[in-house]
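I am attaching a structure below and will ask some questions about it afterwards.
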Protein chains: 2
Amino acid sequence: MSPQYEDADFIREVLDLVGDKWSVLIIGTLADGPIRYSDLGDAIPGISQRMLTLTLKHLQRTGLVTRTSYPEVPPRVEYALTELGTSLLSTVLALAAWSSDHHAEIRRHQTEYDNVTATQERGLATRHGRSHRRRQ
Amino acid sequence: MSPQYEDADFIREVLDLVGDKWSVLIIGTLADGPIRYSDLGDAIPGISQRMLTLTLKHLQRTGLVTRTSYPEVPPRVEYALTELGTSLLSTVLALAAWSSDHHAEIRRHQTEYDNVTATQERGLATRHGRSHRRRQ
DNA sequence: CAGGATCCGATGGGATACTG
DNA sequence: CAGTATCCCATCGGATCCTG
């Protein structure tokens, strides 16, 4: 790595933090302000209760999110972004911007790559009497 | 998400790209200039041949890395960062900087959280006659 | 309402052995 | 040298059911 090599460890740390499937989605939703558990689940399409709970615990442990439970009936629990969480979100949004800027170019490369390798495989198959399996 | 909600998809896209275990390490190493397969493997401690190959293919398909093979004996294959790859690296380094800045605070939160939950569990155990299993 | 407990299939990734 | 091919296990995450 051209800068310093210890960057590698820090990158690993962030990716371990938010590289999973739901963390940044939750952080992003919490950016709109405190929200209760069930509303959070509704706001994030496709997330299961299990992952919502697990990811929230994870984020809470890291200090990115706070959990406040109000002793009422029915119970109410609100989750909110900490300052740390907000600062991380803004950094992550830079990544999103990069993705937005280049995602057309990326798709171009991908389909081109797929076409080339598909052509190569077809060539091999005929030359070898089609001994290789098609891609699943 | 306070900005636009489509950010979520873009974030997913980048994380799917480089959220795995080795991608950014490889990108970071390639930032020093073109390098051959085996040297790349030596430069990245702990990576297996399998993952080196797989991740390189992945990065190549996305257009972040180029593969150039020189028809010599012994064979020589060099991998290099594309411009796209370089631009991504600089963005990712912002994340690394965030991690570097806050990683002490993060560890503070984590140990505090662990202490609290450990204490709570101990309380439950004695009150219930220790009916719960210790954490593995 | 806000979770916890289980079960289970899908991937991710390591170790090892083999090849053009 | 630069990969492929297998085997295998650990973790991730979805679905479903249960509870204070």
Side-chain angles (χ1 to χ4, degrees), chain A residues 12 15-26 30 34-61 65-80 117 120-121 123-124 127-128 131-133 135-136, chain B residues 12 15-26 30 34-61 65-80 117 120-121 123-124 127-128 131-133 135-136:
Chain A
R12 276 276 180 84
L15 289 182
D16 285 350
L17 239 58
V18 297
D20 62 8
K21 193 169 178 182
W22 300 108
S23 288
V24 290
L25 272 304
I26 292 181
L30 290 178
I35 186 176
R36 23 201 315 186
Y37 179 85
S38 55
D39 292 340
L40 192 49
D42 295 342
I44 302 179
I47 196 172
S48 65
Q49 278 197 333
R50 177 188 141 87
M51 288 320 292
L52 181 55
T53 303
L54 280 180
T55 310
L56 280 172
K57 271 188 183 164
H58 184 215
L59 295 176
Q60 191 189 344
R61 187 177 109 100
V65 158
T66 57
R67 190 197 109 118
T68 317
S69 110
Y70 300 88
E72 314 167 349
V73 274
R76 179 165 60 103
V77 177
E78 284 195 346
Y79 290 89
T117 56
Q120 289 172 349
E121 278 183 12
L124 283 175
R127 222 175 302 135
H128 291 174
S131 60
H132 280 300
R133 67 266 171 266
R135 52 176 61 262
Q136 31 179 351
Chain B
R12 276 277 181 84
L15 289 182
D16 286 349
L17 240 58
V18 296
D20 61 10
K21 193 169 177 181
W22 301 108
S23 289
V24 289
L25 273 302
I26 292 182
L30 289 177
I35 186 175
R36 18 198 322 182
Y37 180 85
S38 54
D39 293 339
L40 192 48
D42 294 343
I44 302 179
I47 195 170
S48 64
Q49 278 198 330
R50 175 187 142 89
M51 287 320 292
L52 182 55
T53 304
L54 279 179
T55 311
L56 280 172
K57 272 187 183 165
H58 184 215
L59 295 176
Q60 191 189 345
R61 186 177 110 100
V65 158
T66 58
R67 191 196 107 118
T68 317
S69 109
Y70 300 89
E72 316 167 349
V73 274
R76 178 165 60 105
V77 176
E78 286 197 344
Y79 290 89
T117 56
Q120 288 173 348
E121 278 181 12
L124 283 175
R127 221 175 303 132
H128 290 173
S131 60
H132 282 298
R133 66 268 170 264
R135 52 177 62 260
Q136 29 180 352

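Order of the sequence lines sets the chain letters (A, B, ...), proteins ahead of strands, with each chain counted from 1.
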Could you give the distance from CG (B:L15) to CG (B:D20), rounded to the nearest 0.5 Å?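 These two atoms lie 10.5 Å from each other.
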Side-chain N or O of B:K21 less than 4.0 angstrom from OP1 or OP2 on C:dG14?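 Result: yes.
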Taking side chain as C-beta onward, heavy atoms only, is B:L25 less than 4.5 Å from A:R12?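 Side-chain contact under 4.5 Å: yes.
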By nearest atom, which of the nucleotides D:dC17, C:dC1, C:dG14 is closest to the B:W22 side chain?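 Among D:dC17, C:dC1, C:dG14, the one nearest the side chain of B:W22 is C:dG14.
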To the nearest Å, give me how far apart CG (B:D20) and C1' (D:dC12) are.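 So the CG-C1' distance, B:D20 to D:dC12, works out to 15 Å.
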Would you say a side-chain N or O of A:K57 is under 4.0 Å from OP1 or OP2 of C:dG3?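 It does not, given that no N or O in the side chain of A:K57 lies less than 4.0 Å from OP1 or OP2 of C:dG3.
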Measuring only between side-chain heavy atoms, which start at C-beta, is B:T117 closer than 4.5 Å to A:R61?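 With C-beta onward as the side chain, the pair stays apart.
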Given atom CD of A:E78 and atom P of C:dA2, what is their separation to the nearest angstrom?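 To the nearest whole Å, that distance equals 9 Å.
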Give the rounded distance in Å between these two atoms: CG of A:L15 and C1' of D:dC12.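 For the pair A:L15 CG and D:dC12 C1', the rounded distance is 16 Å.
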Select one nucleotide: of C:dG4, C:dT6, C:dA2, the one nearest the side-chain heavy atoms of A:R50.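 Among C:dG4, C:dT6, C:dA2, the one nearest the side chain of A:R50 is C:dT6.
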Taking the side chain as every heavy atom from C-beta outward, state whether A:I47 and A:I26 have any pair of such atoms under 4.5 Å apart.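 Yes, side chains in contact.
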Can you tell me the distance, in whole Å, between the CD1 atom of B:I47 and the P atom of C:dA15?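 The answer, rounded to whole Å, is 12 Å.
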With sugar-phosphate meaning primed atoms plus P, OP1 and OP2, does B:Y70 contact a base, only sugar-phosphate, or nothing at under 4.0 Å between heavy atoms?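 No contact at all - B:Y70 keeps every heavy atom at 4.0 Å or more from the nucleic acid.
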Are any of A:Y37's side-chain N or O atoms less than 4.0 Å away from OP1 or OP2 of C:dG4?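 For C:dG4, neither OP1 nor OP2 has a side-chain N or O of A:Y37 closer than 4.0 Å.
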Residue whose nearest DNA chain D nucleotide is more 5′ - A:P75 or A:G46: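 Result: A:G46.
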Between B:S38 and D:dA2, does any side-chain N or O lie under 4.0 Å from OP1 or OP2?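 It does, given that an N or O in the side chain of B:S38 lies less than 4.0 Å from OP1 or OP2 of D:dA2.
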Tell me the interatomic distance from A:M51, atom CE, to C:dG4, atom P, rounded to whole angstroms.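 One finds 13 Å between P of C:dG4 and CE of A:M51, rounded.
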For a 4.5 angstrom cut-off between non-hydrogen side-chain atoms, does B:L56 reach B:Y37?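 Side-chain contact under 4.5 Å: yes.
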From the list D:dT4, D:dC1, D:dG14, which nucleotide is the closest neighbour of the side chain of B:R36?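 Given the options D:dT4, D:dC1, D:dG14, the side chain of B:R36 is closest to D:dC1.
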To the nearest angstrom, how far is A:Q49 atom CD from D:dT19 atom C1'?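 So the CD-C1' distance, A:Q49 to D:dT19, works out to 12 Å.
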